[in-house]
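Some notes on the structure that comes next.
Basis for what follows: all heavy atoms, side chains included, without hydrogens, waters or symmetry-related copies.
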Amino acid sequence: MKERQSGVELLRLVSMAGILMLHSDAACIGLPQHTSLAELLGSWSMFSRHLVEAATVGATDLFILISGYFGMRFKWRSLLTFIAMALAYSLLTFAVSWIWWPEGCTAKLFTQSIVIFSPYIRWFILAYALLLTLSPLINLFLSKVGEQRWGLVGLAAFAMAMVEWKVIGRYGYDVTHLVIIYLLGRTIRHYRLPERMPKWLSLGIYVAFTGLVMLSVTWWEYKVAYAMNSPFVLIASMGLFTFFASLKFRSRAVNWLAGSAFAVYLTHMSPALWVHYREMVRYLANRFPDSLMFSLALGGFIAAVFFGSLLFDKFTFQPLWNALLKRFTPKAHKPI
């Protein structure tokens, strides 16, 4: 088996940490629909929150760029394992919530925990499952693309994103967006951008376009400026991905932890725990009105959720999951 690229695996961890930060910002506390330049620059609290939103809004794009860069290979076992793990995490977190907060564990919450293909809280699970299912058709199409037409693939993907963003008025929370990002990831791989583009340029693109994302909230309303398919967000994400993919180092610790990165999402975005995650962020915001103290407290909370999820997956969920697979599917069992 080819050893994982630690630079990309580090990005997998960074993107999940970014998702936690993103969900701790506007999703929990909220941001104004319209922000003037004077308001943006008027206080450190407002500036820092917009900075976090702009810097992390492309975290999901980064996760799919990785899939596109290396390519997805559809297997029924992979799809069923993905769905089963999502359901297992959802029910497990409901059980934990029922032990600690029994008064909040209603029949409605239990139903939400079972229905993992939610179009709202966990839209990504359905969209990723559909992307995995569609990957053979996408790969077949890409295999027919001639060398001289590969540039059109990237341009077409970018144009599709612009249509979805500005014409249709959808902002990236669906399988169409994941297909677009997958195509962009394949394009980056085809042109070997991590090898050809200087690291400083890749990182500079991310910084510059993150600044444009942040500034664009003074032109457009919040949901448009911070859409995942905004052109500024797409270019920033591609720049950051190219930077991490160009890093050449090996780290067993990074590769080991990255294998559980998705557990961070499955944990905090489960219906049973999301409400408590959101309440905790709001409590910290009210408890520490000073922006610096709030940032420190929130950073500690995010770090606890992040590393707690990784270690829980490594030392509790994966051993239990592998034991169940070995028990009920002894011939087909492969440890996760």
Side-chain angles (χ1 to χ4, degrees), residues 14-62 120-121 161-162 164-166 169-173 177 200-241 243 268-269 274-306:
V14 169
S15 67
M16 277 300 162
I19 288 174
L20 280 177
M21 295 173 66
L22 179 68
H23 289 168
S24 299
D25 195 24
C28 289
I29 307 173
L31 283 171
Q33 283 296 315
H34 299 277
T35 304
S36 68
L37 184 60
E39 291 172 329
L40 181 64
L41 302 177
S43 72
W44 170 248
S45 176
M46 183 62 68
F47 180 86
S48 61
R49 287 174 57 197
H50 277 286
L51 178 60
V52 168
E53 193 79 4
T56 60
V57 69
T60 301
D61 290 351
L62 292 171
Y120 173 54
I121 296 180
M162 296 307 95
E164 190 180 32
W165 175 60
K166 265 299 187 181
R170 297 181 64 88
Y171 303 116
Y173 299 92
H177 180 67
W200 66 265
L201 180 57
S202 302
L203 193 59
I205 288 174
Y206 168 71
V207 173
F209 278 87
T210 294
L212 287 175
V213 172
M214 191 174 174
L215 189 60
S216 70
V217 80
T218 65
W219 312 328
W220 304 312
E221 63 181 16
Y222 160 82
K223 64 180 180 180
V224 177
Y226 291 132
M228 289 193 295
N229 49 12
S230 157
F232 300 147
V233 173
L234 290 177
I235 296 174
S237 300
M238 294 171 67
L240 189 61
F241 172 83
F243 171 75
H268 86 283
M269 286 305 290
W274 166 245
V275 61
H276 302 295
Y277 183 92
R278 184 177 58 196
E279 288 177 353
M280 185 61 181
V281 173
R282 291 175 177 176
Y283 166 78
L284 293 176
N286 294 326
R287 176 68 177 80
F288 300 104
D290 177 77
S291 58
L292 177 59
M293 289 302 299
F294 170 66
S295 298
L296 293 174
L298 182 61
F301 173 64
I302 289 176
V305 173
F306 181 74

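With sequence neighbours left out, Asp61 forms a side chain to side chain donor-acceptor pair (under 3.5 Å) with His177.
With hydrogens and angles ignored, the 3.5 Å screen pairs no side-chain donor or acceptor of Ser216 with any backbone N or O of Trp219. Side-chain atoms of Trp165 never come within 3.5 Å of backbone atoms of Arg170 as a donor-acceptor pair (strictly under, hydrogens ignored). Between the side chain of Asn229 and the main chain of Leu234, no donor-acceptor pair closer than 3.5 Å is present. Checked by atom type and distance alone, the side chain of Tyr277 never pairs as donor or acceptor with a backbone atom of Ser24 at under 3.5 Å. Judged by distance alone, with hydrogens and angles left aside, the side-chain atoms of Thr218 form a donor-acceptor pair with the main-chain N or O of Leu215 at under 3.5 Å. Side-chain atoms of Tyr206 never come within 3.5 Å of backbone atoms of Phe241 as a donor-acceptor pair (strictly under, hydrogens ignored).
Between His268 and His23, the two ring planes are tilted [angle within 30° to 60°].
The salt bridge (charged side-chain N to carboxylate O under 4.0 Å, His left out) contacts involving residues 209-219 comprise nothing, where partners must be two or more places apart or lie in separate chains.
Looking only at side-chain heavy atoms (C-beta outward), Phe47 and Leu41 come within less than 4.5 Å of each other.
Counting non-hydrogen atoms of other residues, nucleotides and ligands closer than 6.0 Å to CE of Met293 gives a total of 12 or fewer.
Of all the heavy atoms in Trp274 and Met269, the pair that sits closest is CE3-SD, 3.6 Å.
Of the N and O atoms on the side chains of Tyr222 and Glu53, at least one donor lies less than 3.5 Å from an acceptor on the other residue.
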